[in-house]
Every structure is written in C-alpha cells, then in structure tokens.
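These notes are about the structure you will find just below.
Computation of the quantities below employed the complete heavy-atom set of this structure, encompassing side-chain atoms and omitting hydrogens, waters and symmetry-equivalent molecules.
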Amino acid sequence: MNADIHTLTGAYALDALSDTERVAFERHLAECASCSAEVAELQETAGRLGIAASAAPPVAMKAQVLSSIRQVRQLPPGVPARPGSATRAPLTRSRWQLWTAAAAAAACFAVAVVLGAQWISADRQLDQAAQTQRQLDGVLAVLAAPDAEITTAAVDGSRAAAVVSHAQGRVVFVARDMPQLPADRSYQAWLAGPGGMTSLGVLATGATPAPLVAVLLPEHTGIGVTVEPLGGSSRPSGAPVMEFELP
Amino acid sequence: MRERPHGDRATGPHPVPTQPALDDLMALVARGDEQAFEQVYDQLAGPILGLVRRVLRDPAQSEEVAQEVLVELWRTAPRYRPDRGSARTWALTLAHRRAVDRVRSAQAATDREDRVASAELHRPFDEVADEVTGRLEREQVRRCMRTLTELQRESVVLAYYGGHTYREVSQLLDVPLGTVKTRLRDGLIRLRDCLGVAG
C-alpha cells in the first residue's frame with residue numbers, strides 16, 4: 001500500500017491530486033527525501049509546460065498590478081505569519097500602509113499636540129478642563145516615556161496610532177479622519193487579551209477625537225476598534241473595523 | 001547547486017535575448033524593490049496569464065486570477081528560496097495551482113464535459129500560436145511530447161492543461177487509476193529528460 005504513494009509524484013507535480021490527497025502527499029514528502037527530490041524536478045518540468053502556454057498580457061494589466069502591490073504588505077522573511085510573532089505590524093487583512101517609525105512618531109506628536117490644543121478650550125468648565133488636563137498629562141507622559149513604542153496604521157483616509165509604554169503601564173490610542181458614523185453610533189477601542197476584550201475608550205465624534213488613554217497590562221496583545229451604539233458597549237458587538245498588534 | 005536558467009538555453013537557431021536573471025530579481029523584490037518587480041512582471045505576466053487562461057478558458061476570470069498570482073508573488077517574495085527551485089518554476093507552480101483551484105471550484109467535476117477534454121487533447125497550443133514569448137519553449141515541449149506514448153501524453157495534457165485530477169483523467173480516458181498515476185509520472189520523467197531538466 002505504501003509503495004503506491006511514490007507513484008503520485010507525477011500527479012502531484014501536475015496538481016492532479018484532490019485537496020485531501022495533496023495534503024496527505026505533502027505529509028509524505030516531508031519524510032521522503034527521494035520523493036521530494038523527484039517532485040522538485042517534475043515541478044520544474046511542469047513549469048516548462050506552463051511556459052509553453054504563454055500569452056501576451058493586456059497592456060492595461062501592468063498598471064493595475066503595479067498599483068495593487070502598493071496596497072499589499074509583503075511577508076516578513078522566514079517568520080511564520082502567526083499572531084503574537086515579534087513584529088509590530090497590524091494583523092488585519094484589509095489594506096494598510098505601515099509608516100516608518102520616525103514619521104509615525106512625528107505624526108503622533110503632531111496629532112496629540114493639535115488635539116491637545118483643540119480640546120482644551122477656554123469655553124470648558126473648570127472641572128472638565130481639569131479632567132481634560134489630567135488626560136493630556138497622561139497622554140504626554142506616555143509619549144515622553146523612554147520605552148514608548150508606536151504602532152500606526154492607515155486605511156483609506158483614516159489614520160490611527162497606538163503608543164505603548166510598558167513602564168508606565170499605559171497605552172494611548174489616537175485616530176483621525178475615521179469614516180463618519182450615523183448619529184446613533186460611536187467608535188470604541190478595545191484592548192485584546194487572553195481574557196477577552198477590555199474597553200480602551202469611546203472615541204468622540206468628529207474628525208479629530210481626543211486621544212484615549214488606558215491602563216495597559218502585559219497580557220494585552222492588540223487593539224481593535226469596533227462600531228458600537230452611541231456611547232459604547234460593555235463588550236464588542238461585532239468584528240473590528242481596524243486592528244493593531246501591540247508591541 | 002547553481003541556478004539553472006533553462007529558459008535562456010538556445011537549442012536551435014533562435015537567439016534568446018538576455019534578461020536580468022529572474023532569481024536575482026526576485027531577491028530584490030523580496031526587499032520591496034518595485035522596479036525589480038516591474039521587470040519580474042515583464043518576464044512572467046505573459047507566461048502566467050497564458051497558463052491560467054489555458055486552464056480556466058474564460059478571459060475575464062483568467063485575467064483576474066493572473067493578477068492575483070502576480071500580487072501574491074510580490075507578497076510572498078520574501079519567502080522564495082532559490083535552493084527550492086527556480087523563481088520561474090515557483091511562479092508558474094503558483095499560477096497553475098490557483099488556476100486549477102478556481103476551475104475546480106467553479107464547476108463540479110461531473111459538469112466538466114468530455115468535449116472540452118477532447119478539444120484539449122487534440123489542440124494544446126493553438127491559442128498562443130502567434131505569441132513570440134514562449135515560442136522556443138513551445139517548440140521544445142512539442143518536440144519532447146512526441147517522445148511520450150499517446151496515453152502518457154493524453155494523461156499529462158488532461159491533467160496539466162485541463163486541470164483534471166488523476167481520478168478524472170482515469171474516468172475521461174477510461175483507464176484504471178494506477179495506470180493514470182504511472183502514466184503521469186513516466187510521462188513527466190520523459191519530458192524532464194528530454195527537456196534537460198537537470199537532476
């Protein structure tokens with residue numbers, strides 16, 4: 001029975017196995033060096049059959065492909081793409097652009113400063129101003145922390161950043177130009193951990209809501225943003241519209 | 001083992017234009033080099049689209065799948081390892097798999113009619129007769145196909161260009177499963193030796 005499996009090298013190289021057969025055969029390949037070697041040669045041979053079918057691509061296809069690759073992140077070399085792997089990249093499948101750390105830091109400071117100036121206005125009541133001042137202090141403390149790390153993401157016109165300081169045990173989350181929501185909805189940010197999702201805060205309405213500050217525990221691995229009823233919920237009611245993996 | 005640029009080897013009076021080695025380009029693409037990717041596109045888009053179209057037949061779907069494959073090459077270029085085979089083989093293996101997955105999910109196996117299969121058997125290369133790219137390879141493949149038995153050739157064509165599983169091939173040709181498995185393997189081995197795919 002087992003001797004039979006070696007005769008599948010040709011069928012495998014031609015992609016002529018069913019999905020279940022392919023998986024089983026790949027398990028076999030992992031432990032059969034002669035089959036692996038033969039498969040490599042036969043796949044190269046099949047590649048020659050493939051080249052023989054060449055056609056001229058439509059001229060317009062090139063620009064489309066070149067544009068598409070700009071929306072797609074390349075895999076990191078040699079590192080399996082598992083959640084929790086040692087990268088600070090967002091783990092979402094939607095389209096993201098990753099900023100350089102320097103640009104992100106500058107943008108984050110700029111955003112925080114702008115927001116700071118905007119939300120501390122002379123019209124506020126004293127106690128609210130005091131609370132807002134404490135929040136601003138909290139934000140700046142995290143930004144200024146020696147171990148502060150930034151993760152950013154951008155999708156379509158929105159931009160978001162999470163600044164993490166494990167020494168402070170706090171995270172700052174800031175987002176701007178998120179798509180406008182209906183009047184009865186809010187964006188809510190959550191910290192994801194093994195125990196589930198903890199609310200990080202509810203974003204105020206408008207293009208530049210005040211940054212959210214929250215306690216960060218070592219077990220928190222990511223941030224997700226969901227759409228909730230106005231004012232927020234006690235637990236996420238749907239899939240996140242935005243996700244980060246935290247450093 | 002050195003990289004083996006089979007596509008560059010001239011076996012007849014046809015001169016082969018020098019192109020930057022695909023394997024080298026892929027190493028640059030792995031580092032995010034878009035200009036290198038453009039050159040990869042120039043070399044591979046035609047082969048990928050042609051192969052996908054050969055299997056899928058529908059032009060619109062073929063273009064869609066070909067574009068997906070090219071983007072996937074970009075995305076996974078950091079994982080490409082030259083010691084596992086040439087970049088071209090890697091790309092065409094991916095293209096063929098995607099095309100086969102698509103054609104199998106699009107139609108239940110029983111829907112795929114015999115007349116499509118017989119058309120494939122008798123005219124494998126007619127759709128690309130005027131295409132310069134691949135002309136040399138087509139001639140080599142045509143020549144080497146002649147070294148196969150009719151049953152070997154039919155099995156290989158139905159499986160590879162037709163996207164059929166070996167079980168379907170056994171039904172289409174009305175031969176036992178074991179016979180098809182052996183014919184596919186022996187046929188590819190003969191092609192391998194004739195085309196000079198080194199061990």
**OP:** With a 4.5 Å cut-off on heavy-atom pairs, point out which of Gly10(A), Ala16(A), Gly47(A) contacts chain B the most.
**Re:** Ala16(A)
Subject >> Heavy-atom contact with chain A under 4.5 Å, split by part of Ala45(B) >> reply: both
Original post:
Sub-3.5 Å donor-acceptor pair from the side chain of Glu21(A) to the main-chain atoms of Ser18(A), do we have one?
Top reply: yes
Subject >> Proximal component of Arg31(B), with respect to chain A [non-hydrogen, under 4.5 Å] >> reply: backbone
**OP:** For chain B, find which of Ala40(A), Pro58(A), Ser36(A) contributes the most heavy-atom pairs closer than 4.5 angstrom.
**Re:** Pro58(A)
Original post:
Who among Phe37(B), Trp90(B), Tyr41(B) has the most heavy-atom pairs with chain A under 4.5 Å?
Top reply: Tyr41(B)
**OP:** Report the option among Leu51(B), Leu70(B), Leu188(B) that has the most heavy-atom pairs separated by less than 4.5 Å from atoms of chain A.
**Re:** Leu188(B)
**OP:** Could you tell me whether the side chain of His96(B) and the main chain of Thr93(B) form a donor-acceptor pair under 3.5 Å?
**Re:** no
**OP:** Against chain B, work out which of Gly50(A), Ala13(A), Ala37(A) has the most heavy-atom pairs shorter than 4.5 Å and name it.
**Re:** Gly50(A)
Original post:
What part of Leu44(B) is in contact with chain A, defined as an atom under 4.5 angstrom from a non-hydrogen atom: side chain, backbone, both or neither?
Top reply: neither
Subject >> Option that, when pairs with chain B are counted at under 4.5 Å, heavy atom only, ranks first among Gln64(A), Gln74(A), Arg22(A) >> reply: Gln74(A)
Original post:
Are any side-chain N or O atoms of Arg190(B) and backbone N or O atoms of Thr147(B), one a donor and one an acceptor, separated by less than 3.5 Å?
Top reply: yes
Original post:
Where does Ile69(A) contact chain B at under 4.5 Å (heavy atoms): side chain, backbone, both or neither?
Top reply: both
Original post:
Quick one: do Arg104(B) and Asp19(A) make a salt bridge, cutoff under 4.0 Å?
Top reply: no
**OP:** Return yes if some donor-acceptor pair links the side-chain N/O of Gln43(A) with the main-chain N/O of Glu38(A) below 3.5 Å, else return no.
**Re:** no
Subject >> Sidechain N-carboxylate O distance under 4.0 Å for Glu72(B), Arg75(B) >> reply: yes
**OP:** Using a cut-off of under 4.5 Å on heavy-atom pairs, state which of Val180(B), Val169(B), Val71(B) scores highest against chain A.
**Re:** Val71(B)
Original post:
Nearest 0.5 Å, what's the CD1-CD distance between Ile48(B) and Glu63(B)?
Top reply: 13.0 Å
**OP:** Verify, without hydrogens or angle tests, whether Tyr166(B) (side chain) and Leu8(A) (backbone) share a donor-acceptor contact under 3.5 angstrom.
**Re:** no
